[in-house]
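Structure first, commentary second.
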There are 2 protein chains.
Amino acid sequence: MHPAFRFKVSGLASRFILSFFVVLYLAQSVLAAEAKYVFLFIGDGMSVSQASAAEMYKAALKGEARAGVEKLNFSTFPSQGMTTTYSSESLITDSAAAGTAIACGVKTYNAGVGVDVDGKSMPSFAEMARDAGMKVGIVSSVSLDHATPASFYAHQKSRKSYYEIGLELAASKFDYFAGGGFVDPEGKKSKKEGDKVHVVEAIKKAGYSFVNDKAAFEALKSGTKAVVVNPRLQDEQAMPYAIDTRDGDITLADLTAKGIEVLDNPEGFFMMVESGKIDWACHANDAMTAIGDTLAFEDAVAKAMEFAAKHPSNTLIVVTGDHETGGLSLGFSGTKYSTYFKNLERQKVSYVAFDEEFAAWRLANPGAPFEKIAGLVEERFGLKVPTDSELAEMAKAAESSAYAKAVGSKFDMHLKGFELEDLRAAYARSMAAEKDNAQERDYLLYGTYEPFTVTLTHLLNQKAGLAWTSYSHTGVPVLTSAMGVGAASFSGFYDNTDMFTKFVEAMGLAATVAIN
Amino acid sequence: MHPAFRFKVSGLASRFILSFFVVLYLAQSVLAAEAKYVFLFIGDGMSVSQASAAEMYKAALKGEARAGVEKLNFSTFPSQGMTTTYSSESLITDSAAAGTAIACGVKTYNAGVGVDVDGKSMPSFAEMARDAGMKVGIVSSVSLDHATPASFYAHQKSRKSYYEIGLELAASKFDYFAGGGFVDPEGKKSKKEGDKVHVVEAIKKAGYSFVNDKAAFEALKSGTKAVVVNPRLQDEQAMPYAIDTRDGDITLADLTAKGIEVLDNPEGFFMMVESGKIDWACHANDAMTAIGDTLAFEDAVAKAMEFAAKHPSNTLIVVTGDHETGGLSLGFSGTKYSTYFKNLERQKVSYVAFDEEFAAWRLANPGAPFEKIAGLVEERFGLKVPTDSELAEMAKAAESSAYAKAVGSKFDMHLKGFELEDLRAAYARSMAAEKDNAQERDYLLYGTYEPFTVTLTHLLNQKAGLAWTSYSHTGVPVLTSAMGVGAASFSGFYDNTDMFTKFVEAMGLAATVAIN
């Protein structure tokens with residue numbers, strides 16, 4: 001590492017040595033100006049705690065007591081930075097203002113997509129890359145007209161203008177869109193007057209292949225302009241949670257790999273890949289589902305890393321979150337200094353899938369007592385409803401450490417008396433279909449979620465040593481990780497609007513900025 | 001360590017050009033090897049949320065709606081890194097294992113001070129710096145024998161061996177200790193047999209000036225070996241919380257500035273400065289008190305930055321936390337996407353000071369109804385106990401948004417019905433001196449704290465938009481910030497044990513390591 005130099009040079013040799021140092025010194029800056037293949041991965045709602053929870057879960061599965069020694073691939077990137085996420089009006093941003101900050105470099109109000117605080121359209125660096133001759137791809141696990149992907153190609157005063165956003169997608173001249181579907185493709189919620197062309201028609205008319213089945217997706221070739229809507233969708237036109245994915249489903253990693261194939265060309269490309277449901281799972285305080293999607297997100301990043309290994313001199317990969325969701329922390333008052341992440345493995349379905357299952361169960365079992373659902377609770381979440389004699393044994397264990405040691409981990413997944421009380425109360429509310437939670441105390445307990453389901457994820461999370469403070473986003477800064485050409489500039493502590501500038505500089509788009 | 005060059009080049013010009021590029025290329029690494037004045041600031045229990053809360057509070061005081069635009073000085077450092085903190089046995093570390101990881105570069109069990117997992121003493125880089133001829137200073141706002149400072153000079157199988165740690169301090173041959181006092185200076189809790197020399201006697205015998213008053217502190221001169229115990233202590237031999245500090249008190253910044261004065265010498269120095277009570281305030285879920293100490297910590301860092309401005313070519317400043325405490329998040333379910341950090345300003349005393357005040361009040365007001373303490377609650381925490389008619393008005397505002405708009409912020413600090421219920425229950429427990437919280441539900445509500453006090457800080461924090469998940473530490477990684485010579489190596493995502501190596505390399509202590 002620390003060389004000692006002894007030179008004796010003249011003529012040709014000195015010229016060679018001179019060039020050597022020139023090359024060494026300038027290598028970094030010269031290369032930094034040539035980020036030709038550029039990836040931006042956005043974990044919606046993902047900050048340090050979300051990524052760390054996934055790492056600790058991976059470690060726990062391997063039986064590693066010192067959970068935390070497993071790294072997500074992007075945690076090993078050489079550049080790591082912290083990014084503030086506040087919007088123009090609030091410490092706590094929404095995804096529209098956050099996406100706009102990253103894509104367009106301006107602070108805007110919550111709900112603004114690709115516009116500044118006055119509603120004026122601002123160019124995104126994805127549009128600038130397109131104008132500079134690069135191909136552009138946009139991938140998201142949620143609907144393609146959702147706030148985060150839309151920030152890169154649309155300009156709307158409200159993120160709720162789904163129809164208009166869909167039309168902007170069709171008119172974007174980007175090369176590849178893939179992920180979920182469209183929320184309002186017929187313009188039913190749009191105030192626009194007159195005939196409304198269907199978004200999919202507009203997409204086809206603009207020359208895109210519209211792909212909605214697996215065979216056609218797999219057959220997509222390099223150079224095709226395509227819009228891919230995953231044939232399997234779950235909720236709100238989004239792809240299924242990773243935990244609910246079935247064999248053969250098209251994953252975020254598949255969409256990313258195909259994007260690379262379709263976009264790869266001598267002029268370079270930019271691809272944004274969003275994992276949008278880490279956020280949704282965190283809103284619902286469902287840690288295992290969030291972890292599942294974080295691991296699927298990591299798989300997508302791995303595809304870019306494989307590409308970068310083949311193009312090390314001109315690829316840039318940046319991984320970030322747009323904000324934190326849920327106030328997730330890696331410690332719970334009840335578990336004190338201990339964590340039991342392996343317990344999360346017992347959860348078999350997302351809160352959304354369980355909501356559906358529970359709704360059907362409620363229909364089939366009107367007025368059923370709590371005890372009747374105990375089997376399903378254990379099957380789906382691993383939580384055990386104790387019998388009265390077990391409760392008595394648990395109380396004894398709580399009072400005598402010797403007895404507790406003797407019974408060992410027998411009651412690890414059994415609900416304690418007060419936990420059982422909470423779950424019964426939530427069950428009663430859910431069976432009565434009381435879901436509005438208008439009273440503030442109820443909102444604190446359940447948010448806008450099914451009381452029974454959210455109480456189940458809360459209890460399982462707490463038994464793992466995880467807890468939440470909110471059903472909304474928070475102001476906790478996010479971690480930005482970068483590797484490859486131009487990655488160094490993503491180190492440090494900066495604002496989400498600075499990311500725009502860093503991309504513009506890394507991709508050599510500065511001239512385009514001046515024109516805009 | 002540094003490359004040696006021997007040139008014999010024909011032509012003056014080529015020699016000049018060659019040198020120019022050599023200098024350019026090697027500038028960074030050459031400078032990086034000369035960190036002669038080295039500062040390590042440890043915010044105990046401080047991670048991203050704690051620092052961000054302080055920044056958001058500063059912004060809120062300035063009337064900045066987009067709280068988050070104010071930066072702590074160390075958030076502007078060019079190098080920022082994430083650091084994992086797990087101990088050898090647990091995802092969640094204690095301060096002893098964390099301090100040992102940073103100081104000695106080894107993972108150890110929770111409670112181990114300066115020893116490896118087998119209890120074997122491991123040298124700290126502070127001791128290595130001493131052996132290399134640098135002066136060494138250790139500053140802490142808590143007792144000088146506490147786990148974090150002790151990790152740099154002591155080697156004990158248990159952090160609770162306060163007496164033995166005190167004796168190790170006296171024998172350390174370090175140059176400057178300053179902060180709180182000693183927990184067991186007479187060895188009352190020590191199992192050591194025979195005569196027990198008083199720690200302060202041992203310190204004096206070792207040639208230190210023992211300083212315990214302000215005049216003597218201020219008179220301390222460069223080159224004096226000194227142990228400074230702050231004349232004003234609050235709890236457990238620790239300095240007062242910043243929020244409880246009176247005019248004329250010696251602050252952490254004062255101790256840091258004096259340390260620089262005492263330690264500055266041609267051979268260089270290393271100084272560790274710990275703010276130990278950010279952690280204690282976070283254990284107690286008292287955000288305003290934690291923020292106060294974080295701002296006082298920033299003031300101490302500022303002293304090092306002033307020094308660095310005078311010695312830019314050979315000063316290194318590193319600021320980190322040893323772990324996160326409390327699971328603090330910058331968002332609360334009840335306040336959703338809003339934050340009201342300015343509300344925190346209404347808190348006038350720390351939870352410790354209020355505990356004392358409340359204990360006296362309870363003695364003077366046996367069996368007093370809750371209403372009697374309402375005035376004190378408002379005075380100390382800004383929380384208003386509503387009258388029945390105000391409660392009715394609040395309910396009306398909650399139901400009608402037009403009415404809510406009309407009454408404006410009139411009820412911002414009024415306790416809502418369910419909040420009042422919680423506070424009354426806590427008051428009843430505290431008045432009955434029920435503080436053991438043995439039932440788990442009570443532990444979740446109050447930890448090991450005075451139920452009335454911790455409920456007050458919870459309610460005020462929630463009204464600001466802040467919330468907690470634990471009364472213990474968590475596994476959330478911490479942020480490490482660095483500026484100056486060798487700072488670049490502190491970028492990235494690494495483990496707390498790696499910090500030892502980074503310091504050793506930055507300070508050129510590698511040879512010493514090989515010897516040890």
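All figures in this text were calculated on a predicted structure; none of them were measured in a lab. Every chain is numbered from 1, with letters handed out A, B, ... down the list of sequences.
- Residue A/Glu419: no heavy atom, backbone or side chain, is found under 4.5 Å from chain B.
- Taking the charged nitrogens against the carboxylate oxygens, B/Asp422 and A/Arg441 do have a contact shorter than 4.0 Å, which makes a salt bridge.
- Within the 4.5 angstrom heavy-atom criterion, no atom of B/Leu466 approaches chain A.
- For a residue to count as touching a neighbouring chain, one of its non-hydrogen atoms must lie under 4.5 Å from one of that chain's; by this rule B/Glu421 touches chain A with the side chain only.
- A distance of 11.5 Å separates OG in A/Ser52 from OH in B/Tyr86, rounded to the nearest 0.5 Å.
- B/Thr85 does not touch chain A: none of its heavy atoms, backbone or side chain, sits under 4.5 Å away.
- No side-chain heavy atom of B/Phe418 sits less than 4.5 Å from a side-chain heavy atom of A/Gln439.
- Only the side chain of B/Ser49 comes within contact range of chain A, judged by heavy atoms closer than 4.5 Å.
- Of the atoms belonging to A/His323, not a single heavy atom falls under 4.5 Å from chain B.
- Residue A/Thr93 touches chain B through its backbone alone, counting heavy-atom pairs closer than 4.5 Å.
- Heavy atoms of A/Tyr443 lying under 4.5 Å from chain B belong exclusively to its side chain.
- Contact annotation for B/Ser338: only backbone heavy atoms (N, CA, C, O) come within less than 4.5 Å of a heavy atom of chain A.
- Between chain A and the residues B/Thr335, B/Leu479, B/Asp495, the most heavy-atom pairs under 4.5 angstrom are made by B/Leu479.
- For A/Thr76, no part lies under 4.5 angstrom from a heavy atom of chain B.
- One finds the CG atom of A/Leu330 at 8.0 Å from the CD1 atom of B/Ile92 (value rounded to the nearest 0.5 Å).
- The most heavy-atom pairs under 4.5 Å with chain A, out of B/Ser491, B/Ser75, B/Gly334, come from B/Ser75.
- Taking the six-membered ring where the residue is Trp, A/His473 and B/Tyr337 present perpendicular rings, their angle passing 60° and hence far from 30°.
- Among B/Phe332, B/Trp468, B/Tyr494, the residue making the largest number of heavy-atom pairs under 4.5 Å with chain A is B/Phe332.
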